[in-house]
Amino acid sequence: MPIDATKPYDESNIFARILRGELPAETVYEDEHALAFHDINPLAAVHILVIPKGAYVSWDDFSDRATEAEIAGFVRAVGKVARDQGVVVQGYRLLANIGKRAGQEVGHLHVHIFGGQPLGPMLAR
Ligand code: AMP
């Protein structure tokens with residue numbers, strides 16, 4: 001069931017639990033501001049999720065409330081993970097589902113990195 005991204009952050013969401021160490025994750029990168037791990041249900045040969053460490057529901061929430069350091073750290077982490085995963089030369093896709101119409105399932109901002117194979121059209125018609 002997609003979340004309502006206009007609602008306040010819910011501390012019980014799965015990624016908050018991963019950040020608190022209550023659930024495992026296959027971590028590929030971590031720093032002060034961001035955590036990146038393999039998606040549990042990969043939709044491409046490379047499918048990594050990058051999340052900020054702060055409690056933000058969505059991109060618009062993050063861009064509104066996060067500090068400059070958090071924003072810089074998160075954006076840099078996404079790029080570093082893409083480089084580390086070796087997807088830059090062949091190309092890759094970033095995706096953030098936000099709210100109901102986009103089907104956001106987890107109410108903690110996350111950017112999907114897809115790569116490692118041809119990715120097809122941006123959206124199905
Ligand atoms: P979204 O639909 O954009 O909210 O994407 C949520 C993503 O989180 C999906 O691709 C799920 O497969 C992934 N996911 C859910 N639970 C976990 C988990 N425990 N570890 C890693 N990925 C997860």
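Here the structure is a predicted model, which means the values were calculated and not measured. For ligands, and for the atoms within them, numbers begin at 1 and follow the listed sequence. Values reported hereafter were calculated over all heavy atoms of this structure, with side chains retained and with hydrogens, waters and symmetry mates removed.
Every pair passing side chain to side chain donor-acceptor pair (under 3.5 Å) that includes a residue from residues 106-125 is listed here, sequence neighbours excluded: Y9-H108, H47-H112.
Under 4.0 Å is where a charged nitrogen must lie from a carboxylate oxygen, and between E11 and R17 no such pair does.
No side-chain donor-acceptor contact under 3.5 Å links Q85 to the backbone of V87. In terms of modelled atom types and a separation under 3.5 Å, the side chain of K80 and the main chain of Y29 share no donor-acceptor contact.
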Check ligand 1 for close polar pairs with the protein: N or O on both sides, less than 3.5 Å.
residue  : atom   : partner : partner atom : Å
ligand 1 : 2 (O)  : G103    : O            : 3.3
ligand 1 : 3 (O)  : N97     : ND2          : 2.9
ligand 1 : 3 (O)  : H110    : NE2          : 2.9
ligand 1 : 3 (O)  : H112    : NE2          : 2.8
ligand 1 : 4 (O)  : E105    : N            : 2.7
ligand 1 : 4 (O)  : V106    : N            : 3.2
ligand 1 : 4 (O)  : H110    : NE2          : 2.8
ligand 1 : 5 (O)  : H110    : NE2          : 3.2
ligand 1 : 5 (O)  : H112    : NE2          : 3.4
ligand 1 : 10 (O) : D39     : OD1          : 3.3
ligand 1 : 10 (O) : D39     : OD2          : 2.5
ligand 1 : 12 (O) : D39     : OD1          : 2.5
ligand 1 : 22 (N) : I40     : N            : 3.1

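Two residues are said to be in side-chain contact when any heavy atoms from C-beta on lie closer than 4.5 Å; L109 and I98 meet this criterion.
Looking at Y56 and E70, their side chains do bring a donor and an acceptor atom within 3.5 Å of each other.
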